[in-house]
Structure formats: structure tokens, C-alpha cells
Amino acid sequence: MASFHGSQTTPSTATLTHSPIYHAIIQAGPRLKPLQQVHARILVTGYGRSRPLITKLLSFAYAATSPVSYTRHLFFSIPKPDTFLFHSLITLTSKFNFPRESLLYYRRMLLANISSSNYTFSAAIKSSTDLMAFSIGETIHCHVLICGYGLDVYVQAALVSFYAKSGHVRIARKVFDKMPEKTVVAWNSMISGYEQNGFGKEAIGLFYLMQDLGVKPDSSTFVSLLSACAQVGASGLGCWVHEYIARNCFDLNVVLGTALINMYSRCGNVSKAREIFDLMEEKNIVAWTAMISGYGMHGHGNQALELFSEMRVRGPRPNSVTFVAILSACAHAGLVDDGRQIFASLRQEYGLVPSVEHQVCMVDMLGRAGHLNEAYQFIKDIPKEPAPAVWTAMLGACKMHKNFDLGVEVAEHLLSLEPENPGHYVMLSNIYALAGRMDRVEKVRNIMIRNRLKKEVGYSTIDVDQKVYLFSMGDKSHPETNQIYLYLDELMSRCREAGYIPASESVMHEVEEEEREHALRYHSEKLAIAFGLLKTGPGVPIRIIKNLRMCEDCHTAIKHISVIADREINVRDRLRFHHFKDGSCSCGDYW
DNA sequence: ATAGGGTTAG
């Protein structure tokens, strides 16, 4: 081992593998401390600039737990870093959440004219994803194509995830379709991409395709799939997934468990969600928050409070999201005193800064409960200009409690902040309608038509026999449209016999003339319910999901339908669940 | 001689 005696020369790889230092590195393995000890010995013996030794150290540091600063140090101890050294640094900084730094090294590598490999590309793309830097990611995609790595599975998987996460699902799908061999990871990226962008149905469709092609799903697949089920209310598939993972002995880890809690509570089954929660061995703050929010969604404010206080005693520390969950639970259950206290503790006990969402919860909570002045004062006490969402909550409260003057004032202020938001015009027009100012209603509506402002289209979905059906208002696309409409008409006339009076106010939800005609009778949730009643046997609960909030007219009508058809009906609207049974709703008409 | 891609909550 003569070559080990001069610090100027670098040992060759052949002699290196027999050297004691090399063996020391191997023995140290991926544990950072022993690695650093060996490194110290390397420095002391004068081989600090030996590329093979440093490279070997790096390759082990890669597997260690928090090696970023150490890797930086190693990297800068070598004079002319090569592709591998750059790769290690770029990948590590990317993996341990220093995306900006990672891209900086990527640029430095390009400037030094060192060619990048497929390894480097996937890391750089991941960094762009984490930074939400769309144009950087696109540029790197170009580099990939120029360098001929366009068909590398790892690079492609990173690209799929990049495009999906930056909201370009269709491009993601294009890259995905081009993959000659699709790994589970690629399938997972695409399924999660659909789900995250609100295309739950497509996520589920892709999962079925994956099944047909015989690709074996793993636990990540199920996490995304369960979120998709939660999103579209596919309780049938959700339960199937639960059975499948139990049968195939999947480990019920925190992530999977939380996905199940979320799926069950958003599909209407809170008690099942709680069962999972109790079964989970490890519960982090996300799991607790999911359970609290599940209770909140169902209007079970007291259970949410109970769980929250249990968590304060023996659970993890609540974060900002937890507070949104518990505050909105209080808002939906009318637990104003508890809500006030919790809001105070957010700052005083936990040192958190109230976010816009917390403010919205508070205004919503106070406003619903009729404390309009307190809600207004709360807004005035917000240091900077309150966010539009806060004013929107205030406006909702004004409408709910028919406070015409304040409502108009708030609506006009909102319109000055967001003149393009159709929701505000609809709200203002509704308030005018409540006050009988039909001239103003017409005026607002004309502004909307002139500016081509259309309200988000409402739709409802229902899961029958593990298939999700979608209905929009006045929908006639279903093959059994005739039967559905006939049956719905019959239902509605029986509702009227039972004392139901269609509310005229709700008609204002629709703007266009032709829409208004059918608006009341054919709101999407009514269509979906009629379909559900036709398609399922007596005693089977009907479960509907609606993208917007339910209007008061539908709420009243469905209460009647639950009696006439003698059926339990659950509707999840944008905010919460309504369980209709025997002519009343679980929300107690408070929503 | 060396190494990598996907994951949950309102």
C-alpha cells in the first residue's frame, strides 16, 4: 500500500478496496456518526482529497437520516466534483427538502459543463415540483429530451408527478401514457394526481384499469384511492379497499389509517371512522385532526370537543389545521362559548397566529348563532384588510338572519374587492329578493349576464352498486331520464300534499331564464335522490354528495321525502353532512 | 464503484 504514504497522490481503486480505511467506511454503514469518525481519520491521515474515499463516504451518507450538511461538507472538500458528486448533492438536498438549494447545484453543474444523468434529472424535477416552479420543471423536461433520457422510468415517473402536482393533469397523463413500462409508482403518481386535482372519478377509473392490467397495487395506491373514494363518496369501493387491505395483511400504518378515517367519515360513516381511529397504534396530529373534522362534518360538536380535550391531555400538539377542524365543528353545532375559548387558546396557549380560515370559522360560528354584531366587531378587529372569505362568511350570516342593511353593505364591499366573483352577485341578489326588492334583483342579474358571470354549476353524485352516477341540475343525460323525472314529479306532488311549499327564494340560485324554469323542481340532489330511490330496495339508505351547499328548498323537500319514501337520506354538501330521517335532519335546520 | 421515482387532514 505504498500509494497511501503521499498525501499528494490519490490511491487507486484496486489498492483502496484493501485498505483499512475503506473497510472502516463499509463497517460504519449508513450511520452518520461512525461515518464522520472514519472521515476524521481520513483527514488526519492526509487523504482528505481522495476522490474514491470521499465518493464512498458519500454513497453511504446517502442512506443516513439527516446527512445534508455533512454531504455539503464532503462535496466542497473535493476540488473538481464529477457527475456522481453532483448527483449525490442534488439528490440529497432534494430528498431532504432543500429544493431551492438542490436546483442551485443543478444549475452549477450545467455551468460547469458536467453532463447530468437520469439520476440527477429525477431529483431536479422533484425539486421543481416541491418549489411549484412550473417553468423550471418544463425547462428540465427539455434538458431530459435533449439528453435522450425521455424514456427513463424514473425520470418519467418524476415528470408525471411534477405535471400532476402543478395542476397539468392532462400533460401528466400524456407522459404517463408514453411510458413503455409503467411501474406501480407511476400508476400511484397518476392516480394521486387525478385525486389531488379534484378528478376523483378519473382516479378511480385509472385504478380499475390498473387492476385489469394485473398491476399489483401497494399501500400508496390505496391511500390515494381512498382519498378519491372520500372525494366522490364511493363508499362501496371504499369498503372494498378496507376489506382488501385487511385480507392481504397490509400494515395499518398512520397514513393508511388516516386515509380510511377520512374515507369513512366523508362517506357518511363516522362510527366506522372512530373504530379505525381506536384501532390505530400510532396516531399523529393528522389522524387526530381527521377524526375531529369527521365529527365536525356530521354536526357532532360535543364528540369533537371531547376528542380535542383528550388530545390536549394525552395526544400530539394541535396545529393550525386542527384548529380549523375544531372551530368549524363548534360552528356547525352552535357551540359558541367553546369556540370562543378555543380560539383564544390558539394564540395564548399554542402560540399560533390566527389564519384566514380561523377567522372565517369564527365569523361563521358567531354569525350562524345570530351574534351578528359580535361577528362584525370580530372582523373590524382584524389588523389588516380582512380576506374576502371572511366577508363572505359575514354575508352568509346576514342572509341567514335576514339582515338586509348590513347584508347589502357587506355585499357591496365584497364586490369592490372581487368584482369577478359570481357567488357574491348571487348572494346580493338573494338578499334583495328576501327584502322584496325585485327591481334590484333584476339589476344585479343583468350585471351578471352582461359580464358573463356564471355561478359554479351544481351537481350531485350517488353511489349505487359500486358505481358513481352524476347528476347536474335539469340533467337529462341519463338513459332512464324519463322514469327519474316521472318519479320525482310524483314525489314532489306528494310532498306538496304533505304541506311542502316550494320556496321562491331559491330560484335565484340560477341566473339564466331557461334554468330558472326548472330550477326548483330539478335541483341535482333531487334528481339523484329520485334515481337512488328507484334503484335501491326499501331500507337501503340513500347517500348523495353535492358540490355546493344545499339550498333551503331542497332541505325542506328532502325532509318530506324521507317520510314519504320511508328512507334514510344522507347528503354531504360542500360543508357538512345532513342525515334526513323521519322528516327531520341531523343538522337541526342549523347549517 | 457509487444511487433514484409516488403517500395522508379542513
Side-chain angles (χ1 to χ4, degrees), chain A residues 12-14 16-17 22 25-26 51-63 82-92 94-95 117-126 129 152-162 164-165 172 176 179 182-193 195-196 217-227 230 253-263 265-266 273 280 283-294 296-297 304 318-329 331-332 355-358 360-361 574-576:
Chain A
S12 74
T13 309
L16 187 72
T17 45
Y22 193 85
I25 298 176
I26 307 256
R51 188 182 298 264
L53 280 179
I54 300 299
T55 302
K56 192 73 198 165
L57 268 181
L58 258 178
S59 74
F60 274 97
Y62 193 86
D82 57 8
T83 302
F84 180 76
L85 289 175
F86 264 111
H87 158 75
S88 302
L89 194 60
I90 291 169
T91 320
L92 272 166
S94 164
K95 184 174 165 189
S117 69
N118 42 353
Y119 294 100
T120 324
F121 284 132
S122 41
I125 293 164
K126 180 182 147 44
T129 313
D152 181 275
V153 267
Y154 292 95
V155 175
Q156 282 177 315
L159 281 170
V160 168
S161 144
F162 164 71
K165 283 212 177 123
F176 177 77
M179 293 181 78
K182 298 176 174 65
T183 56
V184 206
V185 178
W187 284 94
N188 291 348
S189 311
M190 198 58 234
I191 291 175
S192 125
E195 188 274 316
Q196 302 259 316
D218 63 10
S219 90
S220 299
T221 319
F222 290 126
V223 169
S224 297
L225 183 61
L226 285 168
S227 303
N253 61 32
V254 227
V255 182
L256 200 51
T258 306
L260 277 170
I261 291 175
N262 184 39
M263 185 279 291
S265 52
R266 290 181 59 187
M280 283 166 64
K283 297 196 244 298
N284 62 10
I285 188 59
V286 184
W288 285 83
T289 305
M291 196 59 237
I292 291 171
S293 117
M297 256 191 287
N319 64 21
S320 177
V321 185
T322 317
F323 277 97
V324 177
I326 188 66
L327 288 174
S328 86
H332 286 296
S355 71
V356 171
E357 287 130 310
H358 299 127
V360 170
C361 285
R574 172 166 275 184
L575 293 179
R576 61 163 294 161

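Keep in mind that this is a model prediction, so the values were computed, not measured.
- A donor-acceptor pair under 3.5 Å links the side-chain atoms of A/Ser94 to the main chain of A/Ala123, judged by distance alone.
- Proximity of A/Asn188 to the phosphate of B/dT7: no side-chain N or O atom is located under 4.0 Å from OP1 or OP2.
- Under 3.5 Å, the side chains of A/Ser227 and A/Ser224 contain no donor-acceptor pair of N or O atoms.
- Among residues two or more places apart in sequence or in another chain, the side-chain contact (heavy atoms from CB on, under 4.5 Å) test is passed with A/Val360 by A/Val356, A/Ala389, A/Val390, A/Ala393.
- Here A/Val153 lies in heavy-atom contact (under 4.0 Å) with a base.
- Residue A/Asn253 is out of contact with every strand shown, counting any heavy-atom pair closer than 4.0 Å.
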| query | How far apart are the C-alpha atoms of A/Leu256 and A/Phe222, what are their side-chain angles, what is the distance that settles it, and do they pass the side-chain contact (heavy atoms from CB on, under 4.5 Å) test? | reply | CA-CA 7 Å; A/Leu256 200 51; A/Phe222 290 126; 4.0 Å; yes

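- Here A/Asn284 lies out of heavy-atom contact (under 4.0 Å) with every strand.
- When the P atom of B/dA3 is taken as reference, atom CD1 of A/Ile90 falls 17 Å away, rounded to whole Å.
- With B/dG10, B/dG4, B/dT2 as the candidates, the nucleotide lying closest to the side chain of A/Phe84 is B/dT2.
- For A/Ser161, whose side chain is taken as the heavy atoms from C-beta onward, the closest listed nucleotide among B/dG5, B/dT8, B/dG6 is B/dG6.
- A/Ile261 has its CD1 atom 15 Å from the C1' atom of B/dG10, to the nearest Å.
- Rounding to whole angstrom units, CE of residue A/Met297 and P of B/dA9 are separated by 11 Å.
- By the criterion of a centre-to-centre distance under 5.5 Å and near-parallel planes under 30°, the ring of A/Tyr154 forms no stack with the base of B/dG5.
- A stacked arrangement is not assigned to A/Tyr119 and the six-membered base ring of B/dG4, the conditions of a centre distance below 5.5 Å and an interplanar angle below 30° not being jointly met.
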| Would A/Val254 and A/Lys283 count as a side-chain contact (heavy atoms from CB on, under 4.5 Å) if you check the C-alpha gap in whole Å, the side-chain angles of each, and the deciding distance to 0.1 Å? | CA-CA 6 Å; A/Val254 227; A/Lys283 297 196 244 298; 5.6 Å; no

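- For A/Val223, whose side chain is taken as the heavy atoms from C-beta onward, the closest listed nucleotide among B/dA3, B/dT8, B/dA9 is B/dT8.
- Rounding to whole angstrom units, CE of residue A/Met263 and P of B/dA9 are separated by 13 Å.
- Contacts of A/Ser293 with the nucleic acid, taken as non-hydrogen atoms under 4.0 Å apart, involve only primed sugar atoms and P, OP1 or OP2.
- Considering only side-chain atoms of A/Gln196, the nucleotide from B/dG6, B/dT8, B/dG10 that sits closest is B/dT8.
- For A/Thr183 against B/dG5, a side-chain-to-base donor-acceptor contact under 3.5 Å is present.
- A/Ile191 has its CD1 atom 13 Å from the P atom of B/dT8, to the nearest Å.
- In terms of polar N and O atoms assigned as donor or acceptor, the side chain of A/Ser220 comes within less than 3.5 Å of the base of B/dG6 in a complementary pairing.
- Atom CG in A/Leu256 sits roughly 19 Å away from atom P in B/dG6 (whole-Å rounding).
- Side chain of A/Ser328, nearest nucleotide from B/dA9, B/dT2, B/dG10: B/dG10.
- Applying the 4.0 Å criterion to OP1 and OP2 of B/dG10, one finds that A/Asn262 has a side-chain N or O inside that range.
- Here the nucleotide nearest the side chain of A/Asn118, chosen from B/dG10, B/dA9, B/dG4, is B/dG4.
- Taking side-chain N and O atoms only, A/Lys165 has a distance below 4.0 Å to OP1 or OP2 of B/dT7.
- Nearest to the side chain of A/Val185, among B/dG10, B/dG6, B/dT8, sits B/dG6.
- Atom CG of A/Leu575 is separated from atom C1' of B/dG10 by 11 Å (rounded to the nearest Å).
- Per the geometry, CG belonging to A/Leu226 stands 12 Å off P belonging to B/dT8, to the nearest Å.
- The shortest side-chain heavy-atom distance between A/Asn188 and A/Val223 does not fall under the 4.5 Å cut-off.
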